[in-house]
Amino acid sequence: QAVLIALLTYLGWIATPWLGGQGISYHVFGKPLVAGLIVGLIMGDVRNGIIIGATINALYIGAVTPGGAMASDINIAGYVGTALALSTGVSAEMAVSIAVPLGLIGTFVWQLFATTNSFLVHKTDKYAAEGDLTKLTFMTLGLPQIIAFIFRFVPAFLVLYFGSSIAQNIVQFIPA
């Protein structure tokens, strides 16, 4: 379950082209409502997955990412937030208190991703000037996706695999 949800957290991210590019992957699969449905299917609780996903989605209903500026990462809030909420058995309202910090952390991951990719530009320009299409393609498509996978899948997987018990402990400290 953790592997599938972490993989979908990567595939539905704004920077990945695999599920139809940004137009489909991010604007469909990246939304908390859809994430709730998918996570519910994976975890065997579709009803609560949709309820939790819809509740998280309502919080971010007007969220836009103009020019890549991201106030909160709704994708990770949706997938990881819903999965942690389902695994800990909390209410949809409590799921929001789990999802919001995850969304903020996801914003930092986005900034780290963008910053890391900025170091690739000079090497990419060099390969373009040389006309080396293979290396240019790798620098523009391959390497950024490897970085995106590492920055997205790995933390999501670790949080999902090890975080359920930690999240349960944190939830106990959140006042009603």
Side-chain angles (χ1 to χ4, degrees), residues 1-43 49 53 56-57 59-60 63-85 87 98-128 130 132-164 166-167:
Q1 290 176 333
V3 168
L4 277 174
I5 296 167
L7 182 61
L8 287 161
T9 303
Y10 160 71
L11 291 174
W13 193 31
I14 196 169
T16 55
W18 310 121
L19 294 176
Q22 187 180 39
I24 296 172
S25 65
Y26 176 67
H27 290 294
V28 175
F29 293 102
K31 301 305 180 196
L33 177 59
V34 176
L37 169 65
I38 293 170
V39 170
L41 285 168
I42 292 169
M43 296 184 74
I56 294 169
N57 203 100
L59 179 67
Y60 297 110
V64 294
T65 54
M70 189 179 300
S72 185
D73 188 333
I74 63 175
N75 168 279
I76 201 163
Y79 280 100
V80 179
T82 300
L84 287 178
S87 67
I98 294 171
V100 168
L102 289 170
L104 293 174
I105 291 168
T107 302
F108 294 125
V109 172
W110 170 254
Q111 296 301 322
L112 181 62
F113 173 73
T115 301
T116 302
N117 281 334
S118 70
F119 291 107
L120 306 179
V121 173
H122 296 295
K123 199 69 149 173
T124 305
D125 286 344
K126 176 183 174 246
Y127 295 142
E130 293 172 357
D132 190 333
L133 191 58
T134 303
K135 289 180 182 175
L136 177 64
T137 302
F138 178 73
M139 292 301 287
T140 56
L141 296 175
L143 190 55
Q145 286 310 302
I146 292 168
I147 295 167
F149 184 82
I150 291 167
F151 283 0
R152 203 64 183 175
F153 175 86
V154 173
F157 172 76
L158 292 173
V159 166
L160 291 167
Y161 191 77
F162 296 109
S164 179
I166 295 167

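Only heavy atoms go into these numbers, but all of them, side chains included; no hydrogens, no water, no symmetry mates.
The nearest pair of heavy atoms linking I74 to K31 is CD1-NZ, 3.5 Å. For the residue pair L136 and A128, the shortest heavy atom distance occurs at CD1-CB, 4.0 Å. Residues L120 and T124 share a closest heavy-atom pair of O-OG1, 2.8 Å. The two residues S72 and T107 have their closest heavy-atom pair at CA-OG1, 3.2 Å. Of all non-hydrogen atoms in P32 and I56, the two that sit nearest each other are CB-CG2, 3.7 Å. L59 and V100 get closest at one heavy-atom pair: CD2-CG2, 3.3 Å.
Under the 3.5 Å distance criterion, the side-chain polar atoms of D73 are left unmatched by any main-chain donor or acceptor of G103. Here the side chain of S87 pairs a donor or acceptor atom with the backbone of L84 at under 3.5 angstrom. When atom types are taken as modelled, the side chain of N75 and the backbone of G12 share a donor-acceptor pair closer than 3.5 angstrom. Remark: side-chain polar atoms of T9 are not paired, donor with acceptor, to backbone N or O of A156 under 3.5 angstrom. Side-chain N or O atoms of S118 include one that pairs as donor or acceptor with a backbone N or O of T115 at under 3.5 Å.
For W13 and F113, the distance between ring centers is under 6.0 angstrom.
Looking at heavy atoms from C-beta onward, F138 lies in side-chain contact with I146 at the 4.5 angstrom threshold. Side chains of L7 and F157 form no contact here, defined as non-hydrogen atoms less than 4.5 Å apart. A 4.5 Å side-chain heavy-atom check between F29 and L8 finds every atom pair outside the cut-off.
Remark: I147 CD1 to L143 CG distance equals 4.0 Å, nearest 0.5 Å. Between atom CG of residue N57 and atom OG1 of residue T82 there is a gap of 9.5 Å, rounded to the nearest 0.5 Å. Atom CD1 of residue I42 and atom CD1 of residue I38 lie 7.0 Å apart, to the nearest 0.5 angstrom. If you take OH on Y60 and CG on L33, they are separated by 14.5 Å, rounding to the nearest 0.5 Å. Considering CE of M139 and CG of D125, their distance stands at 9.5 Å, rounded to 0.5 Å. Taking CZ from R152 and CG from L11, the interatomic distance works out to 11.0 Å, rounded to the nearest 0.5 Å.
Within the structure, the salt bridge (Lys or Arg N to Asp or Glu O under 4.0 Å) test picks out no pair touching residues 2-17 (sequence neighbours left out).
Applying the salt bridge (Lys or Arg N to Asp or Glu O under 4.0 Å) rule to K123 yields no partners; only residues at least two apart in sequence or on another chain are considered. Checked against ring-ring contact (aromatic ring centres under 6.0 Å, His included), F149 has the following partners two or more places apart in sequence or in another chain: Y10, F153.
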